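A short worksheet on the structure shown next.
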Amino acid sequence: MVERDGILIERSGGDILVVACDSAGGIGGSPGDTIKAPPSLVGSLTARVALAEVLSLGARPLACSVTACFAPGPDLEEMIRGVRRELHTIALDQLPMVVSSEKNIPVGQTGVGITVVGSFAESGHAFRRSEGGEILCALGRPSVGEEVLNRQDEIADLFDLVQIHSLDYTGEIVPVGSGGVFQEALGIARRSRLKIRFQERPRYSLYQSAGPATVVLFSSAEPIERLQALLRKPLWRVGLLEDYEGGTRTAEA
């Protein structure tokens, strides 16, 4: 079963596997790269996307694979350090990892794909739906390409996502990527059978790509001011989720 950007696989023992992945190309330290960036940052951000999808579904990561479409060497070693730095952020330093790279063909451009496999017990499934009356919030500034390099203090990260998931008054949590906030907001409403009243003048664009999950979108039954006191990054209101029938419980903006 496909759930958002991940695959859920039910197994005979009752537990459920979650598989999520992300890729990056033309960003790094190779001669043909369009955007020059430290390989460690490329590894970190690419791993962040796949990990964010697994964590936002309430699953526990079990293993990670890194597929590097360039030759082994210092750049690959630095990229792996970036992946491990991201794992350290959420106390997963010992997560098993397998790495493959291109050893036969000369490559002039960076390419990497990262897959994360996680699981949860069916009885302990922590995946959430949103409810009418909840505020739809976005944490982080939508950023892509070179913007990501210059906005590290403004974009969401895994620490933020884990913080949001730990709150008992938040609904569905979605890492936002290239589809932008608007597309993911519609998805939250559709899955919860709700409608959205969008904010008239949101702080940031609803339509800009959020690149490597630079925004975390989620619903909250509590006022946005309470959330901002707990979170480090820019927090902004996307809109209000409403029941089609009316009669919602309403969280104040």
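These numbers come from a predicted model, not from an experiment.
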Is the shortest side-chain heavy-atom distance between Y169 and L227 below 4.5 Å? yes
Under 3.5 Å donor-acceptor, N150 side chain and E146 backbone: yes
When hydrophobic residues are tied together by side-chain contacts of less than 4.5 Å, even through go-betweens, does F159 share a cluster with L231? no
Atom CG of L95 and atom CZ of R60: how far apart are they, to the nearest 0.5 Å? 9.5 Å
Backbone of P142 reached by a side-chain donor or acceptor of Q208 within 3.5 Å: yes
salt_bridge(D157, R232) N-O dist < 4.0 Å: yes
Rounded at 0.5 Å granularity, tell me how far CZ in R84 sits from OG in S40. 14.0 Å
Would the number of heavy atoms belonging to other residues, nucleotides or ligands and lying under 6.0 Å from CG of D93 be above 12? yes
Could you walk me through whether L149 and I35 pass the side chain to side chain contact (heavy atoms under 4.5 Å, CB included) check? CA-CA 10 Å; L149 307 181; I35 297 176; 4.1 Å; yes
Which distance, rounded to the nearest 0.5 Å, do you find between the CZ of R237 and the SG of C137? 8.0 Å
Grouping I, L, V, M, F, W and Y whenever their side-chain heavy atoms are under 4.5 Å apart, do V54 and I114 come out in a common cluster? yes
Identify the two heavy atoms, one from I196 and one from A189, that lie closest to each other, and give their separation to 0.1 Å. CG1-CB, 3.6 Å
With no hydrogens and no angle check, is any side-chain donor or acceptor of R203 less than 3.5 Å from a backbone partner on R141? no
Distance in Å, R85 CZ paired with H88 NE2, rounded so as to fall on 0.5 Å steps: 11.0 Å
Measure up the W236 and Y204 rings against each other and bin them: parallel (under 30°), tilted (30 to 60°), perpendicular (over 60°). perpendicular
Could you check whether any side-chain heavy atom of M97 comes within less than 4.5 Å of a side-chain heavy atom of V83, counting everything from C-beta outward? yes
Could you pull out the closest heavy-atom pair between P212 and S143, with the gap in Å? CD-O, 4.1 Å
So, taking the atom named CZ in R48 and the one named CD1 in I90, what distance separates them when rounded to the nearest 0.5 Å? 10.5 Å
What are the two closest heavy atoms between L136 and A185, and how far apart are they? CD2-CB, 3.6 Å
For S192 and R129, which heavy atoms make the closest approach, and how far apart are they? OG-CB, 3.7 Å
Show, in sequence, the C-alpha distance, side-chain angles and deciding distance for L8 and L17, and conclude whether the side chain to side chain contact (heavy atoms under 4.5 Å, CB included) test is met. CA-CA 6 Å; L8 275 58; L17 291 180; over 6 Å; no
Is there a side-chain contact between L194 and D243, using heavy atoms and a 4.5 Å cut-off? yes
Quick one, V174 with F218, criterion side chain to side chain contact (heavy atoms under 4.5 Å, CB included). Give me CA distance, side-chain angles, the key distance, then yes/no. CA-CA 6 Å; V174 178; F218 64 99; over 6 Å; no
Any side-chain to backbone donor/acceptor pair from Q152 onto V148? Under 3.5 Å, distance only. yes
Is the backbone of F70 close enough, under 3.5 Å, to the side chain of K103 for a donor and an acceptor to pair up by distance? no
Using side chain to side chain contact (heavy atoms under 4.5 Å, CB included), reason through V49 and E53 one step at a time and then give a plain yes or no. CA-CA 6 Å; V49 176; E53 194 60 46; over 6 Å; no
Are the side chain of E134 and the backbone N or O of E131 linked by a donor-acceptor pair below 3.5 Å? yes
If Ile, Leu, Val, Met, Phe, Trp and Tyr residues are connected whenever their side-chain heavy atoms lie under 4.5 Å apart, and connections chain through other members, are V176 and V144 in the same group? no
N/O donor-acceptor pair under 3.5 Å between S30 side chain and G32 backbone: no
Main-chain N/O of L167 paired with T170 side-chain donor or acceptor, under 3.5 Å: yes
State, with a plain yes or no, whether a side-chain heavy atom of V112 is found less than 4.5 Å away from one of M79. yes
Rounded at 0.5 Å granularity, tell me how far CD1 in I27 sits from CG in L45. 8.5 Å
Minimum heavy-atom separation for V215 to G140, with atom names? CG2-O, 3.5 Å
Assess, by modelled atom type and distance only, whether the side chains of E172 and S130 contain a donor and an acceptor separated by less than 3.5 Å. no
Would you check if the side chain of D33 reaches a backbone N or O of G28 as a donor-acceptor pair within less than 3.5 Å? yes
I need the minimum non-hydrogen distance between I155 and K233, along with the two atoms involved. O-NZ, 2.8 Å
Are the side chain of E102 and the backbone of N104 linked by a donor-acceptor contact shorter than 3.5 Å? yes
